[in-house]
Number of protein chains: 2
Amino acid sequence: MNTLAEENYLKAIYKLSSLTESVSTNQIAAAMETKASSVTDMLRKLSDKTLINYTRYQGVSLTEAGEKVAINIIRKHRLWEYFLVEKLNFKWDEVHDMAEELEHISSNELIDRLDEFMGFPKRDPHGDPIPDCNGQLKINDLKPISALAVSAGGIISGVRDHSSVFLQYLEKQGLIIGKKITVKEIISYDNTVVLQMDNKVLQISREVANNLLIAI
Amino acid sequence: MNTLAEENYLKAIYKLSSLTESVSTNQIAAAMETKASSVTDMLRKLSDKTLINYTRYQGVSLTEAGEKVAINIIRKHRLWEYFLVEKLNFKWDEVHDMAEELEHISSNELIDRLDEFMGFPKRDPHGDPIPDCNGQLKINDLKPISALAVSAGGIISGVRDHSSVFLQYLEKQGLIIGKKITVKEIISYDNTVVLQMDNKVLQISREVANNLLIAI
DNA sequence: TATTATTTTTAGACTTGTCTAAAAAATTAC
DNA sequence: GTAATTTTTTAGACAAGTCTAAAAATAATA
C-alpha cells in the first residue's frame, strides 16, 4: 500500500492535471505547501512505484495505476464529507479537514458500505461528483455564473473554491446549493453580477461569480 | 497533539495498567510487537511530554494527562466499532483493524456527533464499555463463565479475547451477546464447562470459558 | 546566439521511529 | 553475598520525509 505522503502527492497531481496536461514540480510544491526539493524526492519514489510518468525536468503525469489511487482517495474524501453533513449535521464549511484525515482510512469495503448506507449519493456537499466504486467519475457539467449572459440562469449546484471563508459568505447571502438564480445585469465597470433569487436582488463580485457553479 | 505512534503506546500502557500497577518495558514491547530499545526511546519522549511517570529501570504508569488521551482513543475505537457493526452491518470479528485506524481521527467534535447519531451507546459490539465524552468509563461488571459455579448462569455480555478466530468460533456455536446460559456441569478432568442454552446443551473448554463474559 | 533568469535537481543534514549489538542495572540462584 | 541471568538502557545505524544551499538544466531575453 501507499503511505499518507504518497497519497497526498497523488491527489495533488490529479487535481493539478485537470488544469494542465503535464504538472510541474513547482506547481506541486505550491499546492502542497512544501519545497520543490521535497517534491523531486517524492517524484522519484512515485516513479519507482510506477504511479507517475516522470523524466527529470519534464514534469509529471499520473499512470493509470496512479490515477486509480488518486480517484479512490477523492471518492473517500467526498463520501466522508457527505456523511459528515448529511448524517452528523456538520455545515459544509466545517468538513474539509476531517475528510482530509478520513480519506486515508484504507478499507475499501468500509467506504463501499458507507456509500450504500447513504444511498449512493452522486455529489458531495459542495456539488463535486463522487466517483463510484469502479472509479467512474461523472464528467463535470457545471459552469461558473460568470459564464452566463444577462437573463440566463440556473440552479446553484457547486463551488470551485472550498475555503471556509468563501462557503460562509455564500451561506450568509443565502447562495446555497439548490437555489435558482437568474442574471439580471452585468455591470461593465468591474463585472459585478446582479442576480435575482427568490424575489430578492443581490450583487456578487466577478470573483464570487467565478467560483459559484450552476447546472446548465 | 500526539503522533500516531505516541497514541498507540499510550493505549498499550493503559491496557497493561489494568493488569499490573506499574508496566515494564518488556511488557510494552511484547504488546506492541516491537523491541525493548524502541520502547525505551518512546518512554523518554512520552515522559518529556508528561504523559507518563517514568524513571529508568522502574517501569511506567500514565499521568492524568496520559490517561485522558488513552481513554479518548479507546472511546473513539469503541464508538467506531459500534458504528461499523450497527450502521454498516459488519460482523463483530471484522471491525477491529478498521477501528484501529479510525481511532486516530483527531476531531473530538466528530466523535461526539457520532456518539449522538448512534444514541449514546453504552457498550461496543464486544461488550466493552464506551467511555463518555468526559472520559467517564463504566467500571467493568462482567465476569468470565469460568468463575461460575454449577447451576449458576447469566447473560452473555462480552469477550476478553478479541481475536477473529475466537469471535468466529463463538458465532458458529451461537454463543453471542444477549444469550442466556446456565452452567450444568464442570468436568473435573480438564475443567470443560457444560452449558445449557436455548434447550441445547454444549461444551466449552476452560480456555473459552475464561474469555467469555457474562453479566451477574 | 550568448547571457540572464527561472526552474529543477542534487548534496548533505535533520527528525521520527525503528533496529541490532553492547553495556549497565536489577533480579534470581546458588 | 557473590555469580549468573534477565531486563533495561545506551550507542550507533537506517528509512521516510522534510529542509537549506548549491549546482545543473531549461527557458527567456537582449
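Scope of the values below: all heavy atoms of this structure, side chains included, with no hydrogens, waters or symmetry mates. Note on naming: letters A, B, ... go to the chains in the order of the sequence lines (proteins, then strands), and numbering restarts at 1 for each one.
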Non-neighbouring partners of A:R206 that pass side chain to side chain contact (heavy atoms under 4.5 Å, CB included), sequence neighbours left out: A:S146, A:N191, A:N210
Keeping to residues at least two apart or across chains, list the salt bridge (charged side-chain N to carboxylate O under 4.0 Å, His left out) pairs with something in residues 156-171 of chain A. none
Atom pairs under 3.5 Å: protein N/O with N/O of nucleotides 1-3 of chain D:
none

List the residues meeting salt bridge (Lys or Arg N to Asp or Glu O under 4.0 Å) with B:E103, not counting sequence neighbours, and say none if there are none. B:K11
Tell me the side chain to side chain donor-acceptor pair (under 3.5 Å) pairs involving residues 114-130 of chain B, sequence neighbours left out? B:R75-B:D115, B:E81-B:H126, B:R123-B:D141, B:D128-B:H162
As a test of reading the structure: which of C:dT20, D:dT10, C:dT8 is closest to the side chain of B:K35, going by heavy atoms? C:dT20
Of all residues at least two apart in sequence or in a different chain, which pass the side-chain hydrogen bond (donor to acceptor under 3.5 Å, both in side chains) check with A:E109? A:R113
Can you pull out every ring-ring contact (aromatic ring centres under 6.0 Å, His included) where at least one residue sits in residues 95-117 of chain B? Sequence neighbours excluded, please. B:H77-B:H96
For residues 58-69 of chain A, pull every pair meeting side chain to side chain donor-acceptor pair (under 3.5 Å), keeping only residues two or more places apart or in separate chains. A:N53-A:S61
B:Y54 has a side chain; which of D:dT9, D:dC19, C:dC19 sits nearest to it? D:dT9
Residues at least two apart in sequence or cross-chain that pass salt bridge (Lys or Arg N to Asp or Glu O under 4.0 Å) with A:K35, listed by chain then number, are none
Those residues of residues 16-29 of chain B lying under 4.0 Å from DNA chain D by at least one heavy atom: B:S24, B:T25, B:N26
Among all residues two or more places apart in sequence or in another chain, which pass the salt bridge (Lys or Arg N to Asp or Glu O under 4.0 Å) test with A:K49? A:E6
Which nucleotide in the set C:dT9, D:dT18, C:dT18 lies at the smallest distance from any side-chain heavy atom of A:A5? D:dT18
Could you write out each protein N or O paired with an N or O of nucleotides 21-28 of chain D at a distance under 3.5 Å?
{"unit_1": "D:dA25", "atom_1": "O4'", "unit_2": "A:Y57", "atom_2": "OH", "d": "3.4"}

